[in-house]
Each structure stands twice: as structure tokens, then as C-alpha cells.
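Notes to accompany the following structure.
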Amino acid sequence: MTAGQSETINQALRDVRDRFLFDLDQRICDFEHLRTHILNGPNRAEAIRAVAMMAHKIRGVAPTLDLARLGDLAGSVEDLFARAPTYPSIAEFWRRASPLFESMLDEMERVQPDYACIQD
């Protein structure tokens, strides 16, 4: 690989990372919306599956973008949410899942740049 090719790949990864970080606001909102449905909604199982699927995507992409901790947390969320049907109740599941879910959201907020401060 030439130096030019390497730089092209590095720039492409930076662009993907920037887009991923820019989109975190919406992902955080989506996760918070799903949390509301898990706690109060009529389709709790569907909301749990949606969290697992979203976490799965983050788990796969984040480490490639140098966001290993976020990838690890998303992987743990995915694994735990995939096992939700094994819990005797949503309340019991949520007692176990809530701290991990909140840790993932905290990490998403931590790595997210403050785009409101960017000036042209």
C-alpha cells in the first residue's frame, strides 16, 4: 500500500468516525425513547429487541472507529438484552439491565463532540 492509499483510507475512516459521532445524538434519543417503551409501553418485548439490534450495530462499528469502550458496553447491552426473555419479569430484567444501559448512554455522551460549539 502506498502512502497516498494509506492516507485515503485514514481520511475515509476519519469521515466515518465523524459521521458516527455526529449521529450519536439521534441514537441517544432513540435509546431513551425505547427505554420509555420498555418501562411503560404495550410492546415491551419489541422495544427490548430494538435496543439489542441498535447495540449490535454499535458493537460492530465502534471498535473500528477507536471507540473500544463504547463497543464493549454496546456488546454487553446486546448480550444482556438478547437474554431478556429468560427473566421472570420485565421489572426484574430492568433492575439488571438498567445500570449497564445507562453506562452505555453515558459513554455515548462522553465521546460525542459538542457540535453546538463549532463555529465557521
Side-chain angles (χ1 to χ4, degrees):
M1 181 179 306
T2 68
Q5 290 171 322
S6 180
E7 181 52 35
T8 299
I9 291 170
N10 287 337
Q11 183 59 50
L13 280 173
R14 282 192 296 273
D15 292 346
V16 170
R17 186 178 200 274
D18 289 347
R19 183 61 190 186
F20 178 86
L21 293 173
F22 183 79
D23 290 343
L24 280 179
D25 251 354
Q26 184 59 50
R27 287 189 179 114
I28 292 167
C29 289
D30 292 344
F31 278 121
E32 289 175 346
H33 180 76
L34 289 167
R35 173 181 46 209
T36 299
H37 282 278
I38 291 168
L39 296 175
N40 303 313
N43 296 316
R44 293 173 172 185
E46 184 178 314
I48 289 169
R49 281 191 300 278
V51 167
M53 289 185 341
M54 287 175 56
H56 173 79
K57 292 176 185 177
I58 293 171
R59 176 187 214 168
V61 173
T64 305
L65 303 177
D66 199 27
L67 300 166
R69 176 159 168 68
L70 178 55
D72 290 343
L73 286 165
S76 295
V77 166
E78 177 191 8
D79 294 344
L80 181 59
F81 276 62
R83 292 190 310 270
T86 67
Y87 285 81
S89 68
I90 294 290
E92 191 168 323
F93 163 73
W94 191 248
R95 273 192 294 283
R96 172 81 165 95
S98 179
L100 183 59
F101 182 83
E102 294 301 327
S103 291
M104 182 184 67
L105 290 179
D106 289 346
E107 183 64 9
M108 291 171 77
E109 290 170 354
R110 187 189 72 76
V111 301
Q112 180 185 32
D114 187 0
Y115 289 103
C117 294
I118 296 175
Q119 299 178 9
D120 294 321

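In this text the structure is predicted, and so the values were computed from the model without any measurement.
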Checklist entry - Looking at Arg17 and Leu65, what are the two nearest heavy atoms and their distance? => result NE-O, 2.6 Å
Checklist entry - When rounded to the nearest 0.5 angstrom, what is the spacing between CZ in Arg59 and CG in Leu73? => result 11.0 Å
Checklist entry - Ion pair present between Asp106 and Arg69, side-chain N to carboxylate O less than 4.0 angstrom? => result no
Checklist entry - Shortest non-hydrogen contact from Arg44 to Gly41? => result CG-O, 3.2 Å
Next on the checklist: Minimum heavy-atom separation for Phe81 and Ile48, please, with both atom names.
Outcome noted: O-CG2, 3.5 Å
Item to check | side-chain contact (heavy atoms from CB on, under 4.5 Å) partner of Phe31, chosen from Met108, Glu102, Gln26 | outcome: Met108
Checklist outcome for this item: Rounding to 0.5 Å, atoms CD1 (Ile58) and CE (Met104) come to a distance of 5.5 Å
Item to check | Leu67/Val61 under side chain to side chain contact (heavy atoms under 4.5 Å, CB included): CA gap, chis, key distance, verdict | outcome: CA-CA 9 Å; Leu67 300 166; Val61 173; over 6 Å; no
Item to check | Separation of Asn40 CG from Ile90 CD1 (nearest 0.5 Å) | outcome: 11.5 Å
Next on the checklist: Once rounded to the nearest 0.5 Å, what's the spacing between atom CG of Leu34 and atom CZ of Arg49?
Outcome noted: 11.5 Å
Next on the checklist: Could you report the tightest heavy-atom contact between Ile38 and Ala47, atom names first, then the distance?
Outcome noted: CG1-CB, 3.7 Å
Item to check | Residue pair Arg83 / Thr86: nearest heavy atoms and the distance that separates them | outcome: O-OG1, 2.6 Å
Item to check | Pairing of Glu7 and Arg14 as salt bridge, 4.0 angstrom limit | outcome: yes
Checklist entry - Rounded to the nearest 0.5 Å, how far apart are CD of Glu32 and CZ of Phe101? => result 7.5 Å
Next on the checklist: Check this for me, if you would: do Arg110 and Glu107 make a salt bridge, where the nitrogen-to-carboxylate-oxygen distance has to be below 4.0 angstrom?
Outcome noted: yes
Item to check | Point-to-point distance, once rounded to the nearest 0.5 Å, from CG of Asp23 to CG of Asp18 | outcome: 11.0 Å
Checklist entry - For Ala55 and Glu78, which heavy atoms make the closest approach, and how far apart are they? => result CB-N, 3.9 Å
Checklist entry - Can you find a heavy atom in the side chain of Phe20 that is under 4.5 Å from one in the side chain of Leu70? => result yes
Checklist entry - Hey, any chance Leu100 and Met53 share a hydrophobic cluster, counting ILVMFWY side chains that come within less than 4.5 Å of each other, even indirectly? => result no
Item to check | Residue pairs involving residues 34-68 (criterion ring-ring contact (aromatic ring centres under 6.0 Å, His included); sequence neighbours excluded) | outcome: His33-His37
